[in-house]
Structures are given as structure tokens and as C-alpha cells.
Protein chains: 2
Amino acid sequence: MLLYLHANKLTRLEKLFSSIKIQVNEKLFIKDPDSSQLGKKIVEHSIYLIDEIGFEEFTFKKLGVRIGSPESTIYRYFENKHMLLVYITSWYWTWLEYRLVFSTNNISSPEERLKRAIAIVTEPVKQDSNYSHINEVKLNRIIISESLKAYFTKEVDEANKEGFYMVYKSIVQRISEMVLDISPKFKHPHTLISTVVEGAHQQKYFSEHLPSLTDVGNNDDKIVSFFTNLVFSMLKNG
Amino acid sequence: MLLYLHANKLTRLEKLFSSIKIQVNEKLFIKDPDSSQLGKKIVEHSIYLIDEIGFEEFTFKKLGVRIGSPESTIYRYFENKHMLLVYITSWYWTWLEYRLVFSTNNISSPEERLKRAIAIVTEPVKQDSNYSHINEVKLNRIIISESLKAYFTKEVDEANKEGFYMVYKSIVQRISEMVLDISPKFKHPHTLISTVVEGAHQQKYFSEHLPSLTDVGNNDDKIVSFFTNLVFSMLKNG
DNA sequence: CAAATATAATAGCATTACTATCGTTTTTGC
DNA sequence: GCAAAAACGATAGTAATGCTATTATATTTG
């Protein structure tokens with residue numbers, strides 16, 4: 001009975017979550033792709049197509065063929081393919097931030113809270129049925145192998161001024177604060193956490209393509225435990 | 001007198017170094033750019049131009065205008081701009097590997113040796129007068145902001161098979177062995193070192209463009225000390 | 001000094017990365 | 001339920017990119 005209630009409570013919380021629209025910075029699109037069927041189709045199939053052929057080979061022309069619309073229509077939603085990449089990247093981090101907040105909320109132990117936070121940013125992603133037009137597993141693969149191209153560009157400073165990377169920074173900020181909850185005198189929480197977030201992605205990529213650069217094999221748990229261990233080692237040694 | 005001899009010895013070692021040609025995997029070019037004046041000019045100005053306008057905006061056409069040669073001539077040296085990026089990246093890591101070997105050679109203390117190795121891969125780069133057509137400072141900036149584009153591509157597996165990333169892997173392998181010299185039972189030396197090498201680059205980039213993701217400010221020494229501390233903390237805590 | 005090789009000059013072509021126009025469908029506000 | 005507005009599809013067009021090809025001239029090498 002208690003179990004039942006508990007499960008029921010989770011379900012209701014999840015329902016609450018399912019009603020949350022992932023709000024992405026409005027400057028990232030011309031017309032909100034979440035406001036129409038076509039817009040969702042564009043985002044859905046761009047994730048499929050980028051995952052398939054890579055961002056360099058990806059063009060609006062090819063995407064148009066895939067969804068049966070002319071490329072000019074896609075240009076009504078996104079300025080260019082780079083902005084679409086920034087958009088889906090931003091969507092991903094917004095989605096992850098909700099999961100981060102959900103997972104760490106009401107956890108009284110600061111250590112347990114930080115552990116959960118590290119897990120969220122380092123463990124493999126599962127499909128989230130609340131957003132049916134987004135394949136989070138494929139999106140995660142894109143984030144790992146392509147999203148750096150959204151950050152390492154000559155326009156990074158202007159993009160940053162426009163707030164394109166706000167959600168990403170917010171996640172790093174949140175987890176940094178959890179670090180400080182444990183060790184208020186720790187001097188480099190942001191450096192530590194940004195290293196962990198990017199490092200986890202890299203290790204996943206290396207394990208699949210350049211395995212001699214890792215020791216994690218195809219065991220994703222090792223990535224979680226390595227970086228968890230890394231963070232707590234650093235906190236222990238100042 | 002002793003000091004003089006010491007200085008003299010260094011000079012001779014350096015002279016030895018100056019005669020070393022940086023040998024890059026022959027599959028990376030069509031005609032060895034190091035075999036002609038024009039080839040060196042292509043490499044020299046590609047570094048300037050990529051640093052100036054970024055890799056996306058960089059084209060053989062623009063490079064041709066810069067050096068006063070038609071683009072078709074550049075195509076006789078490199079298959080395309082991506083291969084040129086792989087080439088200069090590979091040149092950089094080969095150069096850094098020599099410096100790594102030079103700096104850690106004959107250091108009897110394993111801790112001191114590892115410290116020096118970490119410094120080589122995390123500290124700022126200085127101009128090396130031995131290779132007058134290469135601006136190592138600008139090249140380092142390119143490595144930090146563009147070289148991931150040489151690794152994160154759909155062709156990564158074939159490129160890896162061809163040995164394009166061999167030198168990079170060799171550096172990680174060397175430093176991993178230094179880690180094992182100190183802690184033979186440490187389970188994740190490659191993961192640790194590849195995280196450090198890439199992490200140091202990222203922190204440098206973040207400090208210049210996304211400063212809220214770091215705590216290092218514009219103090220490069222903090223990057224060296226953070227990652228040195230990170231490695232030794234991990235070794236201490238298994 | 002001849003033969004081989006490298007380079008410059010030029011042209012050309014398919015694809016990319018957009019922008020513009022215009023008729024038709026769909027949505028919306030009353 | 002209908003008119004106005006907005007969105008979409010179809011098509012065309014343009015400058016730049018990413019190459020390849022050709023030929024004449026210069027340079028190197030045997």
C-alpha cells in the first residue's frame with residue numbers, strides 16, 4: 001500500500017514534468033519550432049539526420065528532402081544550420097537541468113546530492129517519453145560528438161552576449177554550488193565541474209572511437225565512478 | 001665555471017634539437033610541405049589565417065590570395081582543408097612530444113617527472129625559434145579552439161586506422177606510464193591523462209570566452225596547478 | 001642542356017548557403 | 001462561417017565553396 005502510494009506520487013510528479021515545456025532562448029530561432037507540427041518535424045528529423053551523417057554533411061536541403069519540404073521553409077524557423085545546432089544543444093541542456101533539479105531536490109545530504117548531480121551529467125541518457133518528437137538518446141550522441149562546434153566558433157563572444165550558452169552555464173553553476181556546500185573553501189568549483197561535464201562526454205567518445213585514450217572500455221558506469229571519484233578526491237585534498 | 005658548462009651543455013642539446021625535423025605521418029599530405037619553400041609558406045600562412053578568421057571561414061581560395069598562389073597549387077599539397085588541419089595538429093603534437101621527452105629525460109624522481117610532463121601539456125606555449133615558419137603561439141591557439149574539429153568527425157574511425165592521431169595517443173601513453181611508475185595499481189591512467197590534456201585546453205578557452213565556467217581568470221599558472229593537483233589527488237586516493 | 005617536375009593562370013562544374021517571389025493552403029479572429 | 005492574416009510549397013536565382021582539368025611557363029635535376 002505504501003509502495004503503491006509512493007509509485008503514485010512519482011507518477012504525479014512525472015505528470016507534472018510532462019507538462020513542462022522546454023523553454024529555449026527565443027533568439028535561437030526565427031519562428032518557434034515548438035509552435036507547429038512542421039517545426040517539431042524539423043527538429044525531430046534534424047536530430048536523426050545529424051546523428052546519421054554528421055554536422056558537416058548535414059544541410060537544410062537534405063533535411064528538406066527528408067521531411068518533404070523545401071529548404072526555404074526551414075529557413076523560416078532557423079537562420080542557418082549552426083543556429084539549429086545551438087538550438088538543439090540548448091534544448092538538451094535545458095532538459096538536463098530539469099532532470100538535475102528533479103533528481104537533487106529534497107536530498108538533505110550534500111554528498112548524496114552532489115553524487116546525484118554528477119551522475120546526471122555523466123551517466124548515459126535514456127529516452128524521455130514526455131517529449132515524443134525528441135529522441136534524447138540520439139540527441140545525447142550529437143551533444144557528445146558535435147556540440148563543441150556550437151561553442152568553438154569565432155562568434156563565441158557575441159553568442160555568449162546573446163545568452164546562447166546560459167543554460168549550460170547555469171548547470172555548471174548549480175553543481176559548483178553543491179561543491180561549495182560541501183567544501184566552502186574550495187577554490188575552483190567551476191573549473192572542476194566544467195572539466196567533469198566535458199570530460200565525461202570525451203571519455204564516452206574516446207571509448208567508442210579512440211579507445212587507447214581511455215580505460216573505461218564500453219562500461220559507462222566506469223565513467224560515472226571515475227568522475228565521482230575525481231570530484232570527491234579533489235574536495236578531500238583541497 | 002660549472003654554470004657555464006651547464007649552459008653550454010644546454011645549448012648543445014638545443015642545437016641537436018634544432019636539427020630535428022618534425023616528421024609527420026606521410027598520409028596527411030599529398031606532397032610534403034616541408035620539402036619546398038612554397039610548402040612551408042602554405043603551412044606558415046595557414047596558421048596565421050586560421051588563427052585570424054577561424055577554421056570555418058578559412059578556405060584554400062583565401063589562403064591562395066594571401067600567399068599569391070592559386071588554390072589549385074595548395075591542393076597539390078593537401079587533399080582539403082580538413083587534412084591541413086590534421087597536419088598542423090599532428091605537427092603540434094609531434095613537436096610537443098619532443099619537448100615532453102626532452103623535459104622529462106633523466107629526471108630520476110617519478111613525481112618530479114610527472115609534474116614536468118603535466119606542465120608541458122598544460123602550460124602556455126612559447127615561440128620555438130628552431131622552426132621559423134611555424135608560429136607555435138598561434139598554433140597553440142588553433143589547437144585549443146579548432147583541433148577538436150579534426151577529431152570529432154564522421155570519418156574518425158578511418159582516420160584513426162590510418163594513424164592520423166598516433167602522436168596524440170603516444171603522448172597520452174607516455175604520461176600514463178609515468179602515472180603507473182608512481183602508482184602501478186592505478187586503474188585509469190589514460191582516462192586521467194586525456195582528461196587533463198583536453199581539460200587544460202578547455203579551461204584556457206573558457207577563461208577567454210566563457211569565464212563563468214572557470215575560476216582561473218587570466219592566470220595560466222592556475223591551470224597548471226589545478227591539473228597537477230588533480231592528478232596527484234587522484235593518485236593519492238586510488 | 002634536356003627532361004622532368006613544379007607552379008601560375010585560367011576555366012569550369014556541382015554543391016552549398018542562402019534570398020526572393022508567388023500562388024495555395026491553413027489558421028485566426030470576429 | 002467568413003475574411004484577413006499567416007504559413008507553406010514550388011520554383012528560381014545568386015554568390016561562394018570545394019573541388020578538378022588544362023595548358024603555358026618557370027624551375028629543378030640528372
Side-chain angles (χ1 to χ4, degrees), chain A residues 21 26-46 48-50 52-88 133 146 149-150 153-155 158-159, chain B residues 26-46 49-50 52-88 133 146 149-150 153-155 158-159:
Chain A
K21 192 197 160 191
E26 296 198 350
K27 289 176 183 166
L28 296 181
F29 48 75
I30 294 167
K31 177 184 157 74
D32 187 354
D34 217 35
S35 72
S36 73
Q37 280 307 109
L38 182 62
K40 284 178 188 163
K41 209 170 159 192
I42 288 172
V43 171
E44 176 181 8
H45 288 277
S46 70
Y48 278 89
L49 197 49
I50 294 173
E52 264 178 54
I53 64 177
F55 187 65
E56 273 72 34
E57 283 297 307
F58 171 81
T59 67
F60 280 2
K61 176 88 183 163
K62 289 174 187 168
L63 178 58
V65 169
R66 187 71 71 102
I67 64 172
S69 290
E71 53 178 341
S72 53
T73 296
I74 303 167
Y75 278 105
R76 287 201 196 94
Y77 284 85
F78 295 102
E79 203 183 322
N80 51 47
K81 72 172 183 173
H82 183 257
M83 291 306 280
L84 194 158
L85 180 64
V86 177
Y87 174 87
I88 61 174
H133 68 298
E146 311 287 358
K149 294 163 193 168
T153 151
K154 272 288 162 184
E155 295 82 37
E158 296 120 73
Chain B
E26 295 199 349
K27 288 174 182 166
L28 297 181
F29 48 75
I30 294 166
K31 177 182 157 75
D32 187 354
D34 215 35
S35 70
S36 73
Q37 280 308 109
L38 182 62
K40 285 179 187 161
K41 207 170 160 191
I42 288 172
V43 171
E44 176 179 8
H45 288 277
S46 71
L49 196 50
I50 294 173
E52 264 178 53
I53 64 179
F55 187 65
E56 273 72 36
E57 283 296 307
F58 171 80
T59 66
F60 279 3
K61 177 92 182 161
K62 288 175 187 169
L63 178 58
V65 170
R66 186 70 70 101
I67 64 173
S69 290
E71 54 177 341
S72 52
T73 296
I74 302 167
Y75 276 105
R76 285 202 206 87
Y77 284 86
F78 295 102
E79 204 184 319
N80 51 48
K81 74 172 182 172
H82 183 258
M83 290 307 280
L84 194 157
L85 180 63
V86 177
Y87 174 87
I88 62 174
H133 68 297
E146 311 287 358
K149 294 162 193 170
T153 151
K154 272 287 162 185
E155 294 83 35
E158 295 120 74

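Order of the sequence lines sets the chain letters (A, B, ...), proteins ahead of strands, with each chain counted from 1.
One finds a side-chain N or O of A:S69 lying less than 4.0 angstrom from the OP1 or OP2 phosphate oxygen of D:dG9.
Relative to the axis of its first five pairs, the axis of the last five pairs of the helix from C:dC1-D:dG30 to C:dC30-D:dG1 sits at 40°, rounded to 10 degrees.
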Compile the donor-acceptor pairs under 3.5 Å between side chains in residues 70-77 of chain B and protein atoms, sequence neighbours left out, one pair per line.
unit_1	atom_1	unit_2	atom_2	d
B:Y77	OH	B:S36	OG	2.6

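The footprint of chain B on DNA chain C, defined by a heavy-atom cutoff below 4.0 Å, extends from C:dA6 to C:dT10.
Counting heavy atoms from C-beta outward, B:I42 and B:P33 have side chains that stay 4.5 Å or more apart. At a threshold of 4.5 Å between non-hydrogen side-chain atoms, the residues A:F58 and A:L85 do not count as touching. Looking only at side-chain heavy atoms (C-beta outward), A:Y87 and A:V43 come within less than 4.5 Å of each other.
The side-chain contact (heavy atoms from CB on, under 4.5 Å) test applied to A:K154 returns no partner, not counting sequence neighbours. Residues passing the side-chain hydrogen bond (donor to acceptor under 3.5 Å, both in side chains) test with B:K27, sequence neighbours excluded: B:E162. Annotation: salt bridge (Lys or Arg N to Asp or Glu O under 4.0 Å) contacts of A:E44 (sequence neighbours excluded): none. Partners of A:N80 by side-chain hydrogen bond (donor to acceptor under 3.5 Å, both in side chains), not counting sequence neighbours: none found. Among residues two or more places apart in sequence or in another chain, the side-chain hydrogen bond (donor to acceptor under 3.5 Å, both in side chains) test is passed with B:T153 by B:E155.
The residue A:Y77 sits close only to the backbone: its heavy atoms come under 4.0 Å of sugar-phosphate atoms, none of a base.
Sorted by first and then second residue, the side chain to side chain donor-acceptor pair (under 3.5 Å) pairs with a member in residues 52-68 of chain A read A:E52-A:R66, A:E56-A:K149, A:E57-A:K62; sequence neighbours excluded.
Separation of atoms CD1 (A:I88) and CZ (A:F78) is listed at 8.5 Å; rounding is to 0.5 Å.
DNA chain D is contacted by A:K31, A:S36, A:L38 of residues 27-44 of chain A, taking any non-hydrogen atom closer than 4.0 Å.
In terms of heavy-atom proximity, B:S69 sits nearest to B:L38 at OG-CD1, 3.7 Å.
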I'd like a list of close polar pairs between nucleotides 17-19 of chain D and the protein, N/O only, cut-off under 3.5 Å.
unit_1	atom_1	unit_2	atom_2	d
D:dC19	O5'	B:Y75	OH	3.0
D:dC19	N4	B:E71	OE2	2.6

Scoring nucleotides 21-30 of chain D by protein non-hydrogen atoms under 4.0 Å (B base, S sugar-phosphate only, - none) yields B---------
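Applying side-chain contact (heavy atoms from CB on, under 4.5 Å) to A:L63 and the options A:H45, A:K81, A:K41 leaves one that passes, A:H45.
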